[in-house]
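Just below is one structure, and these are the notes that go with it.
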Amino acid sequence: MTTMTLRRSDADIAAETPERSQAYRVARGGLVDRRKLLDFSFDGTSYKGFQGDTLASALLANGVHLVGRSFKYHRPRGILSAGSEEPNAIVELRSGARREPNTRATVAELYAGLEANSQNRWPSLAFDALGINALAAPIFAAGFYYKTFMWPASFWEKLYEPMIRRAAGLGRAANAPDPDTYDRMHAHCDVLVIGGGPAGLSAALTAGRAGARVILVDEDFKLGGCLLAENQWIGSQAGVEWAAAALDELISLPEVRILTRTTLFGVYDHGSYGAVERVSDHLPVPGAHAPRQRLWRITAKRAVLAAGAIERPHVFGGNDRPGVMLAGAVRAYINRYGVLPGHKIAVVTSSDDGWRTVTDVLAAGGQIAAVIDTRRSVPHELRRAAESAGATVVTDGYVAGTRGHLRLKAIEVVDSYGSAQTIACDCLAMANGWNPIVHLDSHLSRKPVWNEDIHAFVPAAMPQGMVAAGAAAGRFTLAECLATGAEAAADAAQHCGFERKLYPVPGTEPESTGYTPLWRSPRIKGKAFVDFQNDVAASDVELAHREGFRAVEHLKRYTTLGMATDQGKTSNLAGLSIMAELTGQAIPSVGTTVFRPPFTPVALGALAGHHRGKDFRATRHVPSHAWCEENGAVFVETGLWLRPAYFPRAGEKDWLESVNREVNTVRSKVGICDVTTLGKIDIQGRDALAYLEKFTANPFGSLPVGKARYAILLREDGIVLDDGTIARLGENHYVMTASTANAAKVMQHMEFCRQWLWPEFDVQIASISEQWAQYAVAGPKARDTLRGVVDPEFDISNEAFPFLASANITVGGGIPARLFRISFSGELAYEIAVPAAYGDALWRAIMQSGTPHGITPYGSEALSVMRIEKGHAAGAEINGMTTAADIGLGGMLAKKKDYIGRLMKDRPGLTEPDRPTLVGVRPVDRSKRLRAGAHIIALDATPSLEADQGFLSSVAYSPSNGHWIGIGFISRGPQRIGEHVRAYDPVRGEDFEVEICSAVFVDPEGSKMHV
Amino acid sequence: MRYSLFSVLGQALRGQKDWKPQWRDAVPRTEYDVVIIGGGGHGLATAYYLAKEHGITNVAVLEKNVIGSGNVGRNTTIIRSNYGLPGNIPFYEHSMKLWEGLEQDINYNAMVSQRGVLNLFHSDGQRDAYARRGNAMRLAGIDAELLDREQVRQMVPFIDFDNARFPVKGGLVQRRGGTVRHDAVAWGYARAADERGVDIVQNCAVTGIARENGRVVGVETSRGFIRAKKIGISVAGSSSLLASMVDMRLPIESHVLQAFVSEGLKPLIDCVMTFGAGHFYVSQSDKGGLVFGGDIDGYNSYAQRGNLATIEDVMEGGMALWPGLGRVRLLRHWGGIMDMSMDGSPIIDRTDIGGLYLNAGWCYGGFKATPAAGFCFAHTIARDEPHPVSAAYRLDRFATGHLIDEKGMGAQPNLH
Amino acid sequence: MRIRCPHCGERDNGEFSYLGDATVVRPDGMNASAEAMHDYVYLRDNPAGLHRELWYHGAGCRSWLVVTRDTRTHEIRDVSSARDVALARHTGDAA
Amino acid sequence: MSEAIASMWAPRSAWAGYAKPGRHGRTQGEAGVRLTLRDGIGLATVIVADGQTDALRALVSERYGWTLPEPGRAQLFRDRGLVWSAPGQWLAVAETREALRDLPQAFRGVAAVTDQSDGRAVVRVSGRNARTVLEKGVAVDLHPRAFQAGQTAATSIAHIGAQLWQLDDVPTYDVAVARSFAGSFWSWLTEAAAEFGYEVEQGPAH
């Protein structure tokens, strides 16, 4: 038997003298590496711990129990558990941009230099000013805020709410971008084993030996689960040794993947699972090129849920006092970490396994102050052992209250006769039975079922290939864990096509798991907490009952029970049991809480992975991108594309001057613009024309080979989907363009029509958007410019290649190209396409060829100005709400064919004469700047919704006109040309007179395109 | 007992012993003037306004589960009236006005918090669309401000202004928008309706709707037949299932929308903020949790849970907008079932069946509409004609083409 | 969610986009009525249970698929090529 | 055409501006991943006309000695052949674009052919950690029990549409993405490969 290295008085404990390093560390034993001493700090005080410690075990080794303040009452809180269920010991880990609020000290691995701070306290943890809230606890009952803070109404935002918000919340998030990276991994397996305790290890061994692809996931940094925390034997080996041997064998199996430090947080449909691996959280900072965490997206044919169970606290007065712990946690700190959590430890138990604590404490050299068993009969040998160690043993008793402030000093015990006594102790271990971890199987909306034998919810019929084993299935003995894990895995492997083979399970010591839970102490002194973190007391459950919040969902929402960061892992059942008692129902009749993913909280960064900053979404570059960058283009995000917006030149004072120059140059000389972003679709096949006739709203039957035509597409509801051009390259060969924004949508729609609506058509459709670099070359000198790049055998004169002509040509001495004579700008214009690898070369060649003609590159801004000058509808007009008639193209629609959208476009609401219709607008005072989004109202109107007559959709400064112009939708617009109205734009403080005019501001006859 | 600071203080001294159930758990009677199917926010508000505005108190609200267990308790608590189309604007503004006086009206603190709703934009086109919307709001007398990048930076300095894939160019803010404690809305309306005599019947599932001569006469329920002169359906998420009981097909699909909450944090963000270049919106609850969401999962579902692809999409949006969130942890995510309508707008109307009324199709915008939906649905039921502010929400608008399609997505519910 | 594309095998639902009800049939041709078109475009059974629905494997083989799925549990009973289903439907019309 | 212009007509690599030859990422030990940029290869979409699958099968066999692959399969010999890409659709692959130049003519009436040689950026991923790197982005099971040499998948990687095919059991993969996405794909690929160290090299020029 070992003894403690130091014996300390209570006064010493209260003083928390840091220089007495690791005073509570047992001399030997535990799984920490005592050769690796680590420095760390908590609230600015330095301590030492060992490799293999958690922050919690290291703090306990140093006698630190007080680690946090509660949410509402700011009560001092300590360390309840030794695992991820911890509600109390949550701290801010690290600092600066890496600060991690609400980190559970019980799972935070110790590393050299770890820095942690308590949270939700001011000015200090020991003296928290808001501790005064505890005094006001009689007022701050559940739901009190629904009943007050209502007068006067304006005070809520100004006074009450800011006050509440400052007081509420827990830790502080970092206030800088997260400097670390997050990785993502897709993994597939036959058998996923969740949990690396005895059941999980047994399962992984069985499935792995069968040859199945196995993934074993455990949230801990060490495999073994309860074997690490308990003194148990498997065959001739200590449990820990058996686990180590199992791990060795698993590592030797090539198809077994072991993921430690990995929490399986969510179960999704069809065998999809989410897990997060904390790759670098046990290090001061991630290594070079290493992520902080990695999201595992696992697809498994079968899963064995061996996640274990969570011990239940007792509900009695002051059960939240630092020093009050779960009994299993006390054993874990002793056996795994070599730490005695107290000098004089008392045990309150409703189960046989609580008595193990007595054995373990004594074995570690600790003192047992008392054992209170809430049951009538206790095995004699257990009682004798405790009494012979000097402990007071009370049966059929309970704990009513606790004493101490920042640390437990004594408990008030009531015996079976109802008489009370005070027993001094600095740690109380609670053993009230175990709840199987049913969280994961309830993620797919399965409700667990009540098992009266073990007084706990257990998984119901499991969803989609999952099966529970071991403690997670309510099979608590070590023998059952090993056996059920193996059986579940053997079945799973068999399902996946492997031989079902069970290996002999090694023997274990007999275990008694009998217990009769005490849901709450009959007499309670002080506040008895059900949900520690959210400060929900038994009295709050009573109040909820009184006010009619009796269903589990109401109870939870009214009291906030189970809604804290621990999701009520240690509290839900206690709340239900009290409500059951109050309503005279059985526990399952009150209801079950549906646990939501994630099992434990997951960093947002891990779920986002690579996709942040510039990598949030892909960036598509146009073929001329390199040239544009070299030449100082200003780029703009257009969907996923990055397009050159304009090309500033030295001496130009703002973007407008550059854009004006680009427009003027195009209109007077020549310009080149990268229009590769357009969708380009190749359509071939015997029925290509028949298909297009049904697909497009305007007729195409008469389009000859070598010609292009504007195309208008409707949705089936009669609204315009998109517009583009269709060129006929051959008898059964067309190429269509779609707008940049709608390219993917149009392609999907075409496939829908081909595959689903009209499968009988023999038509082949391929996207060629990426294959071709395509440039608009526009302006009076466009032909002269192109002449310099088009191979000489091709005649591109106006006669040979008139407006709307299209042809396959070659450039640069045999490079295949496509030439279309189409114009968005209203000028003599071409679009020329070459295979994208030659896009850069073509651009440079055109720039060179155009230099004598004064060519300018122009960007999306000038492109937009020129299309507005021509009154062409684009994205702001084809906005999903407008009909072809609305944008002035009603006359183009075919009369004699069936096509998508034909019937629905004629509904009365879409054909009303008052519908806002596309027209132009110009300011009466030509110096005024129009703004898109301004509404149109009559000159004498009082602004109101009823006065609204339309709005401006697109505006531009027109260098050709020398003033701002706009196009937009105005009720009966085309009939009101010349009328003056107001452009009403209060969000930008503008309201001035404008004139309704034709939407075509430049070359209304369209003669320039035809020269 | 009336709720006030004094009653709370008084009860603090008496150990909170005198509080009574906030509403009676009523046993259904055999006949009512009006039966409202659905004890969510809308159904309870409808019952309250039937009693308050129209003096109709012989009303039952039938809820298959417990009240407030549907979308009123599963949403992200946002209220706003920043719509752009004339069919929507007056309705949502009416709702906003009701929110502004709600707590005093029903004597229940639902924590209506007008902390502002900020919609970010990232392109000139988006700016113009928001300007159009803001101007429409201003025309209707609703507050709206267009902010430039620097003004946005002052409101939310922590978002990514330096390295963003889609740089923030500005925002549209409605300062009267904000959040409300969602559960309290259901409970508050329940308590206020109960006080006026409405029966709130829980655990009472409607299994059939009985008709005689083209008129409804009552409902079959798990607790027996209940006669009713008029029946209002207010069961967002399940509207099609109820409609199928009278052989109606609706322009609605049921879809799952996920919502998310982070661990509790000290105050970080003081408004509701929406990302304009991805699916992400966020606010912070009074308890400190960041409440956020994104796009619907996109497929028909009644399962109240979603899948990882959407979760990742939302988190990517969150990290892109607010890279300081990387180490903040997601605490919980869940799903609610939306009535996704064919134009993204709701229906408050009579049906072709006498005495049967429909309140449906709220997409993911139903919570903010709760007071006005109740108010207008009560009006429609009581007067047999639409209330002027909800007059556009007709069931036949899909046939007539009077669509209210704010997003311009057309007849595909999962795109709204 | 995982969808077993009949051409590509099982894939994550993120690769697919959803359109909706596959039981409604477009009233094709010049004789179609506006009323029938309205029903096709707007009205849905929206069942809680098995639902035949159209998905597009956009990030894979660009096939439209008819998926039979339970909307209460997301369980998928069948996935077929939409074109095959459509061709069978057309053949059925002719017969 | 002037001589000055003629000298300009050089194709530009889809990876130009993004990929830099040499060793990157983790510096210790041998690079775990080798990234070979495959420029100048020939690619073409072949879509069979209705009812012509048998005719196409015969044609590819007679004319090119290729096999028409079943769904999910790639039939390549010395970097030439067909990769299945969709029902009735294949991607023809050759070491040069010229090698596929006569395809449209050869398949006339049987299949529609569209050149995609410039539409895709192709990178060959090999080395010890090749599969692991791809598994970071590919949701398809690449384990040898599920995916072997001669198999292909059209899928998405980091939100970018991609087609990959496995060339051998080492394993070596070719990954093709749309050309305009090359920069973003490269950003993902190199971030995924950095922890193993990676070597970038230009593929053989043709």
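Letters go in sequence order (proteins before strands), and every chain restarts at 1.
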**OP:** Could you look at W322(B) and say if it's the side chain, the backbone, both or neither that has a heavy atom under 4.5 Å from chain A?
**Re:** neither
**OP:** Name the member of E542(A), R166(A), R617(A), R612(A) that forms the most heavy-atom pairs with chain B at distances under 4.5 Å.
**Re:** R617(A)
**OP:** State, yes or no, whether a side-chain contact exists between D985(A) and V987(A) at a heavy-atom distance under 4.5 Å.
**Re:** yes
Subject >> Structural part of A544(A) lying under 4.5 Å from a heavy atom of chain B >> reply: neither
Original post:
Between K287(B) and chain A, which part of the residue has a heavy atom less than 4.5 Å away: side chain, backbone, both or neither?
Top reply: both
**OP:** Determine whether the aromatic ring centres of F275(B) and F616(A) lie less than 6.0 Å apart.
**Re:** yes
Subject >> Toward chain B, the part of T942(A) with a non-hydrogen atom under 4.5 Å >> reply: neither
Subject >> Top contributor to chain B contacts, counting heavy-atom pairs under 4.5 Å, from A934(A), G548(A), A932(A), A876(A) >> reply: A932(A)
Original post:
Counting N and O atoms only, with roles assigned by atom type, does the side chain of D405(B) sit under 3.5 Å from a partner on the main chain of M409(B), one being a donor and the other an acceptor?
Top reply: yes
Original post:
Can a salt bridge be assigned to the pair R292(A) and D281(A) using a cut-off of 4.0 Å between side-chain N and carboxylate O?
Top reply: yes
Subject >> Proximal component of L9(B), with respect to chain A [non-hydrogen, under 4.5 Å] >> reply: side chain
Original post:
Side chains of N109(B) and T148(A): does their closest heavy-atom pair fall under 4.5 Å?
Top reply: no
**OP:** Sort D313(B) into side chain, backbone, both or neither according to what part of it lies under 4.5 angstrom from a heavy atom of chain A.
**Re:** both
Original post:
For the candidates K407(B), R327(B), K266(B), R132(B), which exhibits the highest count of non-hydrogen atom pairs separated by less than 4.5 Å from chain A?
Top reply: R327(B)
Original post:
Side chain, backbone, both or neither: which part of Y108(B) has a heavy atom under 4.5 Å from chain A?
Top reply: both
Original post:
Is D183(B) salt-bridged to K556(A), cutoff N-O under 4.0 Å?
Top reply: no
**OP:** Go through the atoms of I937(A) and report whether side chain, backbone, both or neither lie under 4.5 Å from a heavy atom of chain B.
**Re:** side chain
Original post:
Heavy atoms, side chains only, cut-off 4.5 Å: are T883(A) and K905(A) in contact?
Top reply: no
Subject >> Residue selection (most heavy-atom pairs with chain B, distance under 4.5 Å) from Y558(A), F144(A), Y984(A), Y182(A) >> reply: Y558(A)
Original post:
Quick one: of A411(B), G134(B), G264(B), S262(B), who has the most non-hydrogen atom pairs under 4.5 Å with chain A?
Top reply: G264(B)
Original post:
Which atoms of A618(A) come close to chain B, meaning under 4.5 Å heavy atom to heavy atom: side chain ones, backbone ones, both, or neither?
Top reply: backbone
**OP:** Report the option among P101(A), A174(A), G171(A) that has the most heavy-atom pairs separated by less than 4.5 Å from atoms of chain B.
**Re:** G171(A)
**OP:** Can you tell which part of D270(B) gets under 4.5 Å to a heavy atom of chain A, answering side chain, backbone, both or neither?
**Re:** both
Subject >> Side chain / backbone / both / neither for F549(A) at chain B, heavy atoms under 4.5 Å >> reply: side chain
Original post:
In terms of heavy-atom proximity below 4.5 Å to chain B, should A136(A) be classed as side chain, backbone, both, or neither?
Top reply: neither
Subject >> Among G125(B), A129(B), S113(B), residue most engaged with chain A (heavy-atom pairs, under 4.5 Å) >> reply: S113(B)
Subject >> Contacting region of L295(A) [heavy-atom separation from chain B under 4.5 Å] >> reply: side chain
Subject >> Contact class of E861(A) relative to chain B, heavy atoms under 4.5 angstrom >> reply: side chain
Original post:
Just wondering, do Y3(B) and Q22(B) contact through their side chains at under 4.5 Å, heavy atoms?
Top reply: yes
Original post:
When rounded to the nearest 0.5 angstrom, what is the spacing between CZ in F260(B) and CH2 in W334(B)?
Top reply: 8.5 Å
Original post:
A399(B) versus chain A, heavy atoms under 4.5 Å apart: side chain, backbone, both or neither?
Top reply: backbone
Original post:
Considering only heavy atoms, which portion of A136(B) lies under 4.5 Å from any heavy atom of chain A: side chain, backbone, both, or neither?
Top reply: both
Original post:
What closest approach, in Å, do N135(B) and G933(A) show between heavy atoms, and which atom pair accounts for it?
Top reply: ND2-O, 2.8 Å
Original post:
Side chain of Q104(B), backbone of M150(A): donor and acceptor closer than 3.5 Å?
Top reply: yes
**OP:** Among the options L268(B), D25(B), V112(B), pick out the one with the most heavy-atom pairs lying under 4.5 Å from chain A.
**Re:** V112(B)
Subject >> Residue part contacting chain A, namely of V328(B), when any heavy atom lies under 4.5 Å >> reply: both
Original post:
Where the side chain of Q126(B) meets the backbone of H122(B), is there a donor-acceptor pair that is under 3.5 Å apart?
Top reply: yes
**OP:** Select one option (side chain, backbone, both, neither) describing which atoms of H443(A) are under 4.5 Å from chain B's heavy atoms.
**Re:** backbone
Original post:
Relative to chain B, which segment of D615(A) carries a heavy atom at a distance below 4.5 Å: side chain, backbone, both, or neither?
Top reply: neither
**OP:** Determine, stepwise, if the pair H402(B) / R907(A) fulfils side chain to side chain contact (heavy atoms under 4.5 Å, CB included).
**Re:** CA-CA 9 Å; H402(B) 292 91; R907(A) 284 176 288 172; over 6 Å; no
**OP:** Answer yes when R191(B) and D194(B) have at least one side-chain N-carboxylate O distance shorter than 4.0 Å, and no when they do not.
**Re:** no
Subject >> Greatest number of heavy atom pairs closer than 4.5 Å to chain A - which of G278(B), S69(B), P167(B), A303(B) >> reply: P167(B)
Original post:
Do you know which of H333(B), M1(B), Q412(B) has the most heavy-atom pairs under 4.5 Å to chain A?
Top reply: H333(B)
Subject >> chain B contacts, top residue of L543(A), T619(A), D717(A) (heavy-atom pairs, under 4.5 Å) >> reply: T619(A)
Original post:
Taking the side chain from D160(B) and the backbone from G613(A), do they hold a donor-acceptor pair closer than 3.5 Å?
Top reply: no
Subject >> Backbone of N107(B) reached by a side-chain donor or acceptor of R2(B) within 3.5 Å >> reply: no
**OP:** Tell me, for E912(A) versus chain B, whether the close heavy atoms (under 4.5 Å) come from the side chain, the backbone, both or neither.
**Re:** side chain
Original post:
Is a salt bridge present between E93(B) and R176(B), judged by a nitrogen-to-oxygen distance below 4.0 Å?
Top reply: yes
Subject >> Interchain contact, R715(A) with chain B, by part (heavy-atom threshold 4.5 Å) >> reply: side chain
Original post:
Between F951(A) and chain B, which part of the residue has a heavy atom less than 4.5 Å away: side chain, backbone, both or neither?
Top reply: side chain
Subject >> Which portion of L403(B) sits near chain A, non-hydrogen atoms under 4.5 angstrom >> reply: side chain
Subject >> R98(A) versus chain B, the contacting section by heavy-atom distance below 4.5 Å >> reply: both
Subject >> Heavy-atom pairs under 4.5 Å with chain B, option from S539(A), A176(A), P598(A) with the top count >> reply: P598(A)
Subject >> Evaluation steps, side chain to side chain contact (heavy atoms under 4.5 Å, CB included), between R332(B) and M563(A) >> reply: CA-CA 9 Å; R332(B) 205 165 53 236; M563(A) 308 208 30; 3.5 Å; yes
**OP:** Using distance alone, with no hydrogens and no angle criterion, decide if S445(A) and Q304(B) have a side-chain donor and acceptor under 3.5 Å apart.
**Re:** no
Subject >> chain A contact via L330(B) - which portion, at a heavy-atom distance below 4.5 Å >> reply: both
**OP:** Dump the intermediate steps for side-chain hydrogen bond (donor to acceptor under 3.5 Å, both in side chains) on S285(B) and R181(B), then the final yes or no.
**Re:** CA-CA 8 Å; S285(B) 77; R181(B) 171 81 183 99; over 6 Å; no
Original post:
Checking K147(A) side chain against S7(B) main chain: does a donor-acceptor pair fall under 3.5 Å?
Top reply: no
